[in-house]
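This report refers to the structure that appears directly beneath it.
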Amino acid sequence: MSNQRSSLSPHVLIFPLPLQGPVNSMLKLAQLLCLQNIQITFLNTEHIQERLQNCTNNQNYFQKYKNFRFETVPDGLEEGNPRTADQIPNILKSIEVNVLPILREMLGTCGAYGPDSESPLTCIIADGIFTFAVDIAKEIGVPLLYFDTISPCGLWTYLCLPKLIELGELPFKDDNLDELISYAPGMEGIIRRRDLPSFCRTKDINDRILQLVLEEDKHIPLAHGLIFNTFQQLESPILSQMLNICPNIYAIGPLHTHLKTKLAEEKTSSSSIWKEDKSCMSWLDSQPTKSVIYVSIGSLAVMTKEQFFEIWYGLVNSGSKFLWVRRPGSVSGLEIEFEFDEIPLELAQGTKEGGKIVSWAPQEEVLAHSAVGCFLTHSGWNSTLESLVEGKPMICWPYFVDQQVNSRYVGEVWRIGLDMKDTCDREIVEKMIKEVMELKKEEFSKRAEEMAKLAKESVSEGGSSFEDLDRLIQDIKLMKIAANHD
Ligand code: UDP
């Protein structure tokens with residue numbers, strides 16, 4: 001058996017959290033591993049798989065990798081469940097209750113070989129929030145690598161929470177959100193209460209998300225290693241701190257750039273779970289360089305009707321051209337398709353003259369377009385990296401989880417944008433756009449372009465992310481040998 005196994009290639013099961021951002025980055029990692037002759041079983045929920053099938057040619061695209069296959073499991077949620085941000089605790093619970101038994105059977109029946117596969121699984125890469133993965137990996141007898149698809153600076157604040165609770169700093173003693181937090185090694189003088197992840201504002205220590213994150217904190221150090229979508233120059237102080245929790249860290253990002261670099265001229269595939277409206281690309285082609293502000297709050301964030309109109313007025317009043325992604329369901333209690341005469345005249349006219357609205361955009365392409373001068377973003381980690389790599393300054397309006405930390409880093413540490421956190425007022429929106437697009441345009445662009453250069457260098461030969469990916473691949477290949485000797 002041992003000889004037979006050793007002739008087979010290493011085989012990794014990749015299990016992302018079934019949401020747009022994590023699926024995006026895990027698919028990129030999967031391809032990077034496939035290119036190195038590592039066999040991949042990519043486990044999607046049926047819901048995600050169906051949406052990928054409906055919105056992309058992803059399934060065809062992946063057929064070119066003979067060592068890649070999708071497997072699906074039901075997520076156990078009801079048909080009509082919107083699978084929105086507020087459903088994340090339910091999604092996680094449902095995966096644990098409904099998916100785990102199926103997964104166990106799948107792996108158990110096949111003796112850890114994985115269904116329909118010749119080669120045994122030699123490693124599991126799972127989202128960092130999947131605490132159950134520690135037991136599964138143990139049962140199968142293979143190493144577990146956690147890939148935390150949020151930002152390391154965000155994850156580091158998660159890891160500081162037990163101490164903050166012990167110190168009595170959490171829940172906050174009063175409403176002063178500008179108070180600096182006392183315990184955040186590597187982030188001293190940077191993180192105020194308002195910059196901690198949104199769920200830290202709860203008064204209830206038993207809050208579901210907070211409890212899930214505290215569980216995650218306990219499980220992270222149990223993994224064989226941690227994979228991050230970042231690069232050394234961006235988050236070096238945080239990565240050094242993280243080594244105290246897990247001595248085996250692979251910082252291999254920005255993953256989308258890393259993949260593009262490795263594929264050279266070959267095209268990558270979209271992994272959008274909404275249909276991309278590509279008409280915005282020809283619209284961008286007709287706009288002057290750096291004249292457009294791109295607006296998107298990602299796949300999960302939701303705004304109120306009031307916030308929606310404040311942003312809309314701010315954009316129109318700024319006089320800048322704008323490309324705005326209005327994802328269906330992204331404004332609570334409001335249908336966002338308007339007839340011209342249903343909205344105030346100044347908004348209708350301003351939008352007709354200088355705006356383009358789509359329901360979902362090919363974001364990486366949009367951010368790479370020379371007409372885009374700034375990104376008004378919810379500071380999701382993928383969006384942040386995608387903007388950073390293209391040297392586009394950001395105006396940050398974070399919604400939840402790591403986004404409050406990311407926006408603070410964009411504004412105060414990397415200084416490649418402004419943090420609009422906790423405000424949403426048309427005058428502030430207008431003022432910030434003018435500051436980034438006009439008054440301090442050169443300053444922001446220069447810093448953003450310098451950061452973009454560092455990001456690209458990190459994934460080029462000899463760069464830190466390039467080296468870390470190489471090490472990850474070698475380690476996965478060695479894991480195979482370790483498994484053979486079990
Ligand atoms: N995205 C996209 N088109 C859009 C808006 C977003 O392709 O119109 C992609 C974006 O490129 C990113 C992902 O959706 O890769 C969003 O992930 P992120 O981590 O930024 O935020 P989340 O959606 O998880 O809050």
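All values reported here derive from a predicted model rather than from experimental measurement.
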- Look at Arg83 together with Glu50 and state whether they make a salt bridge at an N to O cut-off of under 4.0 Å. no
- Task: State, yes or no, whether a side-chain contact exists between Lys262 and Gln31 at a heavy-atom distance under 4.5 Å.
- Result: no
- Non-hydrogen side-chain atoms of Cys153 and Asp402 separated by less than 4.5 Å: no
- Query: Looking only at side chains, do Thr202 and Asp204 share a donor and an acceptor under 3.5 Å apart?
  - Reply: no
- May I ask you to check whether Asn248 and Arg471 show a side-chain donor-acceptor distance below 3.5 Å? yes
- Query: Going by an N to O cut-off under 4.0 Å, is there a salt bridge joining Lys218 and Glu215?
  - Reply: yes
- Message: Using 30° and 60° as the class boundaries, would you call the ring planes of Phe130 and Phe15 parallel, tilted or perpendicular?
- Response: tilted
- Would you say Val436 and Met394 make side-chain contact, with heavy atoms under 4.5 Å? no
- Query: Is the ring centre of Phe466 less than 6.0 Å from the ring centre of Phe231?
  - Reply: no
- Pair Glu449 + Lys453: basic N to acidic O under 4.0 Å: no
- Query: Can you find a heavy atom in the side chain of Leu19 that is under 4.5 Å from one in the side chain of Ser299?
  - Reply: no
- Message: Is any side-chain heavy atom of Asp148 closer than 4.5 Å to one of Tyr158?
- Response: no
- Report yes if the side chains of Ile252 and Ile227 come closer than 4.5 Å at any heavy-atom pair, otherwise no. yes
- Task: Decide yes or no for Arg104 and Ile136: does some side-chain heavy atom of the first lie under 4.5 Å from some side-chain heavy atom of the second?
- Result: yes
- Message: Any heavy-atom pair between the side chains of Ser296 and Phe375 that's under 4.5 Å?
- Response: yes
- Tell me, please, whether Trp274 has Arg51 positioned over its six-membered ring: NZ or CZ under 6.0 Å from the ring centre and within 45 degrees of its axis? yes
- Query: With under 30° as parallel and over 60° as perpendicular, where do the rings of Phe308 and Trp324 fit, or are they tilted in between?
  - Reply: tilted
- Do the ring planes of Tyr65 and Phe68 sit parallel (below 30°), tilted (30 to 60°) or perpendicular (above 60°)? tilted
